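Worksheet for the structure shown next.
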Amino acid sequence: MRFRAAVYALVRRVPRGHVVTYGQVAALVRQPRSARAVGAAMKQCPEGVPWHRVVNAQGGISRRRVVSGMLTQRIRLEQEGVRLRRGRVPLTHYRWEGTPRWTSR
DNA sequence: GACTTGACTAGAC
DNA sequence: AGTCTAGCCAAGT
């Protein structure tokens with residue numbers, strides 16, 4: 001499961017108060033076509049992984065089985081100082097560019 | 001190992 | 001700007 005490990009390692013680097021999109025995470029781990037897989041990996045994210053800093057390409061919080069999860073994500077982001085505009089994160093302000101992963105794979 | 005599932009996306013209306 | 005559609009692909013069955 002090298003993929004998931006790379007995803008978690010990457011997400012752990014996202015600074016407080018910043019966010020990244022699923023597609024971005026996929027690209028950063030050198031697998032630009034695996035955005036959906038990133039979402040799947042997030043379902044199981046281990047402790048210590050700031051999963052709430054991962055949002056969809058529109059800066060919104062993606063739907064999931066447990067709706068409460070969406071709320072907690074929004075709350076966590078706000079607690080870090082990320083302000084939502086019209087229900088979404090202004091990616092132009094909070095997006096973390098990140099750095100390509102040299103890692104493992 | 002074949003088949004189904006989406007915390008996804010870009011593109012077309 | 002909101003909806004649909006078609007590719008995608010790691011994970012889970």
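Values reported hereafter were calculated over all heavy atoms of this structure, with side chains retained and with hydrogens, waters and symmetry mates removed. Since we're looking at a predicted model, the values are computed, not measured.
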State whether Gln44(A) places a side-chain N or O below 4.0 Å from either non-bridging phosphate oxygen (OP1 or OP2) of dG12(C). yes

Side-chain donor-acceptor pair present, Glu80(A), His18(A), cut-off under 3.5 Å: no

Rounded off to whole Å, could you give me the CD-to-P distance for the Gln24(A) and dA10(B) pair? 11 Å

If you compare every side-chain N and O of Ser62(A) against the phosphate oxygens of dC8(B) (OP1, OP2), does one of them come in below 4.0 Å? yes

Rounded distance (Å) that lies between atom C1' of dA7(B) and atom CZ of Arg88(A): 15 Å

Between dT9(B) atom P and Leu91(A) atom CG, what is the distance in whole Å? 10 Å

For Gln24(A), does its backbone N or O pair with a side-chain atom of Thr21(A) as donor and acceptor, under 3.5 Å? yes

5' precedence on DNA chain C between Lys43(A) and Ser34(A) (nearest-nucleotide basis): Ser34(A)

Give none if dA1(C) has no partner; otherwise give the nucleotide forming a Watson-Crick or G-U wobble pair with it, both distances under 3.5 Å. none

Out of dA10(C), dT9(B), dC8(C), which has the shortest distance to the side chain of Phe3(A)? dA10(C)

Determine the minimum heavy-atom distance between Val11(A) and Met42(A), stating which atoms define it. CG2-CE, 3.8 Å

Using a cut-off of 4.0 Å on non-hydrogen atoms, how would the nucleic acid contact of Ala57(A) be classed: base, sugar-phosphate, or nothing? sugar-phosphate

Does Arg64(A) reach a base, just sugar-phosphate, or nothing at all? Heavy atoms under 4.0 Å. base

Strictly below 4.0 Å: does Gln31(A) bring a side-chain N or O up to OP1 or OP2 of dC9(C)? no

Quick one: is dG12(C) close enough that its OP1 or OP2 comes under 4.0 Å of any side-chain N or O from Arg4(A)? yes

Are any of the side-chain nitrogens in Glu78(A) or Arg76(A) under 4.0 Å away from the carboxylate oxygens of its partner? no

Against the side chain of Gln73(A), the closest entry in dA7(B), dT9(B), dA10(C) is dA7(B)

Under 3.5 Å on both distances, the Watson-Crick or G-U partner of dA7(B): none

Does a side chain donor of either Gln73(A) or Arg64(A) reach within less than 3.5 Å of an acceptor in the other side chain? yes

Within this structure, what is the CZ-to-P distance between Arg63(A) and dT9(B), rounded to whole angstrom? 16 Å

For Arg2(A) and dA11(C), give me the distance from atom CZ to atom P, rounded to whole Å. 11 Å

Send over the distance from Met42(A) CE to dA11(C) C1', rounded to a whole Å. 14 Å

Determine whether a donor-acceptor pair (one donor, one acceptor, N or O, separation below 3.5 Å) exists between the side chain of Arg36(A) and the base of dG7(C). yes

Using atom CZ of Arg33(A) as one end and atom C1' of dC8(C) as the other, report the distance to the nearest whole Å. 8 Å

Without decimals, in angstroms, what is the distance between Trp51(A) CH2 and dC8(B) P? 14 Å

